[in-house]
Structures are given as C-alpha cells and as structure tokens.
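First comes the structure, then the notes that go with it.
Just so we're on the same page: letters track the sequence lines, and every chain starts at 1.
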Amino acid sequence: MSKFQAPKGVSEYFPDRSRYFEFVRETLIDSARRSGYQLIELPVFEDTELFTRGVGESTDVVSKEMYTFEDRGGRSITLRPEGTAGVMRSVIEHNLDRGQLPVKVWYSGQFFRAERPQLGRYRQFYQVGIEAIGLQDPEIDAEVIAVADSAFKKLGLKNYRLEITSLGDSQTREKYTKDLRSYISTLDLDEATLARASINALRLFDDKREEVRALMAGAPVLMDYLTSESSAHFDRVKECLKEFEIDFQINNRMVRGLDYYTGTAFEFVHQGLGAQSGIGGGGRYDGLMSQLGGADLSGIGFGLGVDRILLACEAEGIQLPPNLALQLFLVPMGELAKLPAVKLAQELRVAGLSVDVAYGNRALKGAMKAADKSGALFALVLGENEIASGLAELKNMRTGDSTSVTLRTLQEDLLKLF
RNA sequence: GUGGUCGUAGCUCAGCUGGUAGAGCAUCCGGUUGUGGUCCGGAAUGUCGCGGGUUCGAGCCCCGUCGAUCACCCCA
C-alpha cells in the first residue's frame with residue numbers, strides 16, 4: 001500500500017465506475033443543452049467576499065464550511081462552495097446581461113465544503129447546474145425544473161420526488177420570519193435548538209425529532225403570507241408543471257441552505273440515499289445580482305449533485321448502456337505482425353474510427369479475452385497469413401459471426417458499418 | 001465539528017476463548033498449432049490501514065492516529 005492516500009472526504013471515479021459517472025454527468029448536461037443553455041466555464045476559486053456577500057454570512061456554508069486561504073499576494077481566496085455566485089460575478093464582470101435576455105448558461109465541476117464526510121456528502125463534490133438570468137416569467141421557473149426532471153427520467157430514475165414551494169419576496173419573508181420567531185419563543189426548547197433557530201428559524205421545520213415536529217405543527221406557514229403577485233407566479237409555475245406532466249409535492253416548510261433564494265424554490269429528493277437524500281435543488285433569486293454590484297435582474301437556477309445522482313442510479317440498479325466507445329480491437333499474431341497492426345490501427349484512427357490494439361505477447365486466447373473486455377464491436381486478427389494474403393476475418397463480437405474482408409478496403413468497409 | 005461502528009489479497013468477505021492468514025470473483029497460464037463470452041485444471045498475490053503498548057506469542061486485547069461508514073449537524 002502506498003503511503004499516500006486521497007485527502008479526506010473526496011470521491012474519485014476510475015474505471016469502470018468512471019464510465020457510469022460520465023454517463024450521469026453527460027445525461028444531465030445534455031438535458032440543459034436541449035433547452036438552450038450554453039456552457040459557462042468558471043474558476044473553482046473566487047474572492048472570499050463573493051461568497052460571504054452572495055451566499056450570506058449567516059449560512060453554515062459560509063460560516064463554517066468554506067475552504068479559505070490567503071494567496072501569495074495576500075488576497076483571501078475561497079474554493080467555491082456553490083455555483084450561482086460565481087456565475088453572477090462572471091455575468092456582471094463581462095456584461096453578459098447587456099444583450100438579449102435571458103442569459104441561459106450551464107456549468108459543471110467540483111465544489112468544496114469542509115463538512116464531516118458521509119456517503120453522498122463529500123468535501124469535494126461534483127455538480128451540474130444551470131442559471132436563467134433576467135426573466136421574471138414563471139414559465140422559465142418551470143423550464144428550469146423540467147431540465148432537471150427530464151434528465152432524471154432519461155437516466156431511468158424512479159424513486160425520487162420533486163418538492164416545490166414559494167418563499168415570497170424579501171419583505172414577505174421578513175414579516176414571516178418575525179412571526180415565526182415569536183411563535184418559536186413561546187415553545188419549550190433546549191438551548192442548542194434555540195441557537196439553531198436564531199440562525200435560521202426555518203430550520204426547526206427540518207428537525208428530526210418527533211417532539212419538535214409536533215411543536216412546529218402549529219407554526220405559521222409562509223405560504224399564507226405571500227403577496228398576490230407571488231401567489232399568482234407560483235400558481236402559474238404549478239400549472240406549467242402539470243402541463244409538462246411533472247409530478248410535484250408542495251412543501252411549504254422547505255429549508256434552503258443559501259440566503260439568496262426568493263420566490264420559487266425546489267428540491268429533488270431521492271429515497272434510499274440515507275440522510276443525504278437531496279440530489280438537486282434550486283430556486284429563484286431576486287436580489288442576488290444587484291447585491292453583487294450588477295443590474296437588478298432576477299434569475300433562477302439549480303445545482304444537481306452528480307455524486308448523489310450516481311449513487312441513486314446504483315441504488316435503483318440502473319444499467320449502464322453498453323460501451324460503444326471502441327469500434328475495433330486489433331489482435332496482432334507474432335512479432336512480424338506487430339508493426340503492420342499498429343500502423344493499420346493508426347490509419348483507421350486518423351480516418352475517424354476508434355481502435356485499440358492487443359499489446360504484449362499474449363496468447364491469442366488472452367488477446368481475444370482482452371478484445372471482449374474492451375467492449376469493442378469488432379475484432380480482427382492480423383497475423384502473417386493475413387498480411388501475406390491481404391485477407392482477414394472481421395469478427396462481430398456481439399454475434400460471434402465473422403466475415404471475410406480485404407485489408408485494402410477495411411477502412412471503407414468499417415466506415416460504412418458505423 | 002460531536003458520538004457510535006468498521007478497516008484482512010485488485011474487489012467482496014471468512015478467520016474460534018490471542019498460537020505468526022483463507023474463500024469466491026478478478027488476474028495470468030493451460031485443457032483447444034490462430035479466435036472472446038460457458039466449463040475444467042493450475043499459478044501468482046498480503047508490511048492483516050499506520051504507529052506504539054501488553055504478552056513467550058497479536059489479524060484478534062489496550063492506546064494513539066489516518067480513513068471509511070452511520071447518527072447528529074448540514075446539504076448537492
């Protein structure tokens with residue numbers, strides 16, 4: 001065993017599981033592309049203040065989970081704990097919002113939070129996210145939710161549910177929070193719980209203890225405080241989701257970890273992931289952009305946890321589509337065939353085919369086994385006989401049939417097949 | 001960050017009240033002068049996470065440490 005180990009709490013993906021990871025990530029991204037979102041590629045570290053101002057000082061993410069360090073120029077730098085603040089920064093910095101609205105972008109990559117690791121909760125985790133900026137229409141809220149939902153359906157996930165709510169505008173929230181706090185102050189709660197409530201009163205709704213849940217049953221409900229505009233917006237979102245045939249559940253006690261959410265908020269929860277059940281979440285943010293020094297534009301987006309979605313797929317026993325990456329596996333027989341084989345492989349690759357070669361001096365049986373393992377669709381043995389005659393057997397690895405081909409026309413023949 | 005459980009071959013795990021390691025799968029070779037997936041035979045593989053302690057003797061007991069995992073917390 002090596003003396004080096006991966007740092008605590010990171011997930012790594014290597015063959016063969018990396019193929020599964022890739023499949024999940026690409027499916028998510030594909031769904032975003034299909035709805036007109038374009039890639040925005042951003043740094044994994046930012047000025048610390050971007051997160052303290054954007055995400056909110058009172059959140060756990062900012063107050064105790066950030067990887068913050070000083071760079072050589074004495075700047076305070078933080079590894080991104082979430083994606084939206086960075087996107088806003090870039091949009092403002094490069095005036096992307098000066099053109100046609102909305103700005104629709106997707107991103108993917110690693111995020112960092114210094115938490116105690118658990119299955120599905122990592123210090124470095126992978127997210128795919130989208131943001132649609134500069135549009136108030138409730139239809140775009142539904143679109144964002146639908147991008148995530150259709151990706152999950154494409155993956156074949158079944159045991160998940162979508163929860164939605166509306167958090168209202170900032171004034172509504174203020175008034176509601178005040179009432180909620182005064183309600184909580186009438187309850188008989190221990191000190192730790194009260195401390196939790198003082199940071200974010202909504203969190204008590206999430207408490208795992210039955211007693212606390214029972215006490216909170218009588219608490220005021222945010223939904224009752226919504227202005228008529230907020231209600232109408234939310235109704236329209238729900239209407240759209242129904243039209244899209246996306247099932248959802250209203251959760252008027254949803255707790256979001258980031259301060260900037262207003263209006264529509266949603267969460268995808270998977271059954272069977274233990275305590276870390278959230279596979280994605282997002283919502284609308286009205287004040288974020290102006291707070292970061294940009295125009296007063298609203299936006300909506302989500303972040304999906306690729307690590308957790310992968311776990312969810314595995315939990316549901318979802319099979320990976322067969323590996324179609326390799327089209328041909330070449331098996332040279334004997335020393336004399338080696339150079340012609342690698343030359344042929346290289347020519348075919350340049351022509352656009354995907355080809356691997358059985359290297360090493362393995363017995364034919366071993367080489368064929370390697371061909372099988374590679375997942376290649378075809379195998380071709382190239383020995384002295386083939387080189388002399390210019391004829392070879394092209395074996396279909398799926399069916400086991402082989403057809404006679406001339407080496408001279410192999411390239412065309414293969415290109416015709418794919 | 002707090003508490004519990006766990007850490008043995010590449011993987012999944014067995015290993016009795018302490019007597020110096022085993023299975024299945026995977027790998028490699030062969031049964032079939034040059035054709036994989038099944039079957040059969042054979043081979044190779046371990047600082048028993050790491051460091052210390054107790055003991056004649058530690059995979060097993062004790063302490064520390066690293067990691068995973070579960071719950072809390074939090075969330076993707």
Polar pair under 3.5 Å, donor/acceptor by atom type, side chain A/Lys395, base B/G36: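 Answer yes: a donor N or O sits under 3.5 Å from an acceptor.
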[M] and [N], which share atom name [atom1], separated by this distance in whole Å:
N	M	atom1	answer
B/G7	B/C60	C1'	14 Å
B/G30	B/G19	P	41 Å
B/U5	B/C39	C1'	42 Å
B/G49	B/A9	C1'	14 Å
B/C50	B/A68	C1'	15 Å
B/U8	B/A23	C1'	13 Å
B/C75	B/G18	C1'	45 Å
B/U20	B/U32	P	42 Å

Residue among A/Gln124, A/Glu82, A/Met66 satisfying side-chain contact (heavy atoms from CB on, under 4.5 Å) with A/Arg113: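 Of the listed residues A/Gln124, A/Glu82, A/Met66, the side-chain contact (heavy atoms from CB on, under 4.5 Å) partner of A/Arg113 is A/Glu82.
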Taking any strand in view, what nucleotide pairs with [N] in a Watson-Crick or G-U wobble way, both distances under 3.5 Å?
N	value
B/U65	B/G49
B/A23	B/U12
B/G59	none
B/G37	none
B/A71	B/U2

Touch class at under 4.0 angstrom, heavy-atom based, for [X] against every strand present:
X	result
A/Glu386	base
A/Ala370	nothing
A/Gly9	sugar-phosphate

Pair A/Glu174 + A/Lys178, salt bridge at N-O below 4.0 Å: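 Between A/Lys178 and A/Glu174 there is no salt bridge, as every charged N stays at least 4.0 Å from the carboxylate O atoms.
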Interatomic distance where [atom1] belongs to [X] and [atom2] belongs to [N] [whole Å]:
X	N	atom1	atom2	value
A/Leu364	B/G30	CG	P	11 Å
A/Glu191	B/U2	CD	C1'	17 Å
A/Asp16	B/U12	CG	P	14 Å
A/Lys8	B/U69	NZ	P	10 Å
A/Glu335	B/G34	CD	P	17 Å
A/Glu393	B/G36	CD	C1'	15 Å
A/Lys373	B/C25	NZ	C1'	10 Å
A/Arg362	B/U35	CZ	C1'	13 Å

No-hydrogen, no-angle side-chain donor-acceptor test under 3.5 Å, A/Glu316 and A/His270: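 There is such a pair (donor and acceptor under 3.5 Å, judged by atom type) between the side chains of A/Glu316 and A/His270.
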Under 3.5 Å side-chain donor-acceptor pair for A/Thr409 and A/Thr406: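 On atom types as modelled, these side chains qualify, holding a pair under 3.5 Å.
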Heavy-atom side-chain proximity of A/Gln127 to A/Arg25 below 4.5 angstrom: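 Heavy-atom side-chain distance check fails, nothing below 4.5 Å.
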Heavy-atom protein contacts under 4.0 Å, nucleotides 71-76 of chain B, coded B base, S sugar-phosphate only, - none: SBBBBB
Residue closer to the 5' end of RNA chain B, A/Leu119 versus A/Asn396 (nearest nucleotide):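 Upstream on the strand: A/Asn396.
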Below 4.0 Å: OP1/OP2 of B/C28 and any side-chain N or O of A/Lys365: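 So the side-chain polar atoms of A/Lys365 never come under 4.0 Å of the phosphate oxygens OP1 or OP2 of B/C28.
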Between A/Phe266 and A/Phe248, ring centroids under 6.0 Å: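 Ring centroids of A/Phe266 and A/Phe248 are no less than 6.0 Å from each other.
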Mutual orientation of the aromatic rings belonging to A/Phe268 and A/Tyr160 [parallel < 30°, tilted 30-60°, perpendicular > 60°]: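 A/Phe268 and A/Tyr160: tilted rings.
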Criterion salt bridge (Lys or Arg N to Asp or Glu O under 4.0 Å) on A/Arg123 and A/Glu65, from CA distance to verdict: CA-CA 9 Å; A/Arg123 293 185 163 186; A/Glu65 294 171 0; over 6 Å; no
Selection from B/G36, B/C66, B/A26 that lies nearest to any side-chain heavy atom of A/Gln5: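 Looking only at heavy atoms from C-beta outward on A/Gln5, the closest nucleotide is B/C66.
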Any donor-acceptor N/O pair, A/Thr186 side chain to A/Tyr183 backbone, under 3.5 Å: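 A pair under 3.5 Å: yes.
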